[in-house]
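To start, the structure under review is shown below, and the notes come after it.
Computed from a prediction, not measured in an experiment: that's the story for all the values here. Each ligand, and each atom within it, is numbered from 1 in the order the structure gives. What you see below is based on every heavy atom in this structure, not just the backbone, and it leaves out hydrogens, waters and symmetry mates.
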Amino acid sequence: MPQASTRAHLAPPSPIRKLAPYADAAKAKGIDVIHLNIGQPDIEAPEEFWTALGAKRPKVLEYSHSAGNPTLRAKARASYKAQLGVELNDSELMVTTAGSEALVFAMMACLNPGDEIIIPEPFYANYLGFAVLAGVTVVPITTYLDQDFALPSIEAFEEKITPRTKAILICNPSNPTGTIYSAAQLHALAEVVRKHDLYLMADEVYREFNYTSEPVLSVLQLPGLEQNAVMVDSVSKRFSLCGARLGFLVSKNAEVMSGALRFGQARLSPPALAQIGVEGALEAGPDYFDQVRGEYRARRDRLVQRLSEIPGAKCPKIDGAFYATVRLPIDDGDKFCQWLLEEFSHEGATVMVSPASGFYATPGLGKDEVRFAYVLEEGRLDRAMDCLKVALQVYPGAKVAAGS
Ligand SMILES: Cc1ncc(COP(=O)(O)O)c(C=O)c1O
């Protein structure tokens, strides 16, 4: 029998999806499983998306340009100009099959197999899968819940840099922590990147989900970093269009973009239907985002408040995205999350959250942490938190909190 490749063996399963069979079994028993485990927003996509799709009904659904439809690219460039003040030319932006493809193209265009990419952990777990596809080695740099998952010091980054280091990848605002990096932190990181001649890749798919009064600084706005900066974007979360599979790769580095375009030519074109709709979605006004942001801010506040009522739970500062990585008074997050689905229910319901261990590359970290995706309306969120509170009172591996 032929053997599957080393890559096939190395590709990690998604920590977010690995509990799905237990959730299915719970549902088969009639239990209402409340999903706080996956970043699938429940908010409606902008009406403009559907209007654009309805208005343009091509006779033949053709392949588009490998970099995406010129009209969509022009609109996307105009939106970056308006939002970030960044002027882009035609070859500096390409349309991708969502952020996932943009990340794979970015890694493959910037790094050689065997090169190292430094990523603050906990990080979006699929970065490991993308790194396997690109043959690059992920070097984690740990951030800590007790420090609100702040970006590590410049010295800490420099300690991780080796002759094989080619890039640093940040996610800002962060999945899974909800952290937003400050302008000062990003300027300091830019210094390191320049000094060691690295790429600074930024996954900015949650840019609009910002609950602070300061704007999220894009890596594209860092002065003097034009050749090093690579930005990944997506409409999945921004417009609640996860199934559209549409995103953008942006860089002023001509070599990187030319390589990415040739990868794009090999896969022919990004999704044609989604491109038509997203041209419409890009017309959505600030009202759309104000409403979405308001909704998520309220959910964030509710989550934080409910967690504060749980003895022994510790929730760090959450400024953006729609995630929180939280410490719970438990022995083991993997066991706890599975137990919630297999053995627990409260008034016919249980809650599904993700063990945080899967977001750390360093073994053993995040054992007593879980990640919440607060993508449900407040009533449902409350029901989930009721379940969690009761669950922690009866979970056999619960730790008794000091002073409780
Ligand atoms: C941080 C981050 N980056 C990228 C992605 C990929 O999303 P998509 O491929 O739908 O754009 C996700 C999805 O959850 C994410 O959380």
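The protein heavy-atom contact nearest to atom 9 (O) of ligand 1 is S100 OG, 2.5 Å. For atom 5 (C) of ligand 1, the closest heavy atom belonging to the protein is Y124 CE2, 3.5 Å.
Both tests pass for R299 against the ring of Y296: distance under 6.0 Å to the centre and angle within 45° of the axis.
Of the inter-residue distances, the one linking L282 atom CG with R238 atom CZ reads 8.5 Å to the nearest 0.5 angstrom.
There is a side-chain donor-acceptor pair under 3.5 Å between H196 and E158.
Those atoms of ligand 1 that come under 4.0 Å of a heavy atom in S234, given as number and element, are 8 (P), 11 (O). Interface atoms of ligand 1 facing V205, defined by a heavy-atom separation under 4.0 Å, are 2 (C), 3 (N). Close approach of ligand 1 to K237 is summarised as follows: ligand atoms under 4.0 Å from at least one heavy atom of the residue are 13 (C), 14 (O). Heavy-atom proximity to C171, at under 4.0 Å, picks out these atoms of ligand 1: 1 (C). If you number the atoms of ligand 1 from 1 as listed, the ones under 4.0 Å from a heavy atom of R245 come out as 8 (P), 9 (O), 10 (O).
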In a table with atom names and distances, give each donor-acceptor pair under 3.5 Å that connects a side chain of residues 343-355 to protein atoms at least two apart or in another chain.
residue: T350; atom: OG1; partner: L340; partner atom: O; Å: 2.7
residue: S354; atom: OG; partner: N37; partner atom: O; Å: 3.0

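Under the rule for a salt bridge (charged side-chain N to carboxylate O under 4.0 Å, His left out), E62 has no partner lying at least two apart in sequence or in another chain.
Here Y211 and F322 keep their ring centres 6.0 angstrom or further from each other.
Considering each of T96, N175, D203, I38, the one bringing a non-hydrogen atom nearest atom 4 (C) of ligand 1 is D203.
Screening I118, I168, T165, I119 against K160 for a side chain to side chain contact (heavy atoms under 4.5 Å, CB included) leaves a single residue, I118.
In terms of N/O distances under 3.5 Å, ligand 1 is not approached by L103.
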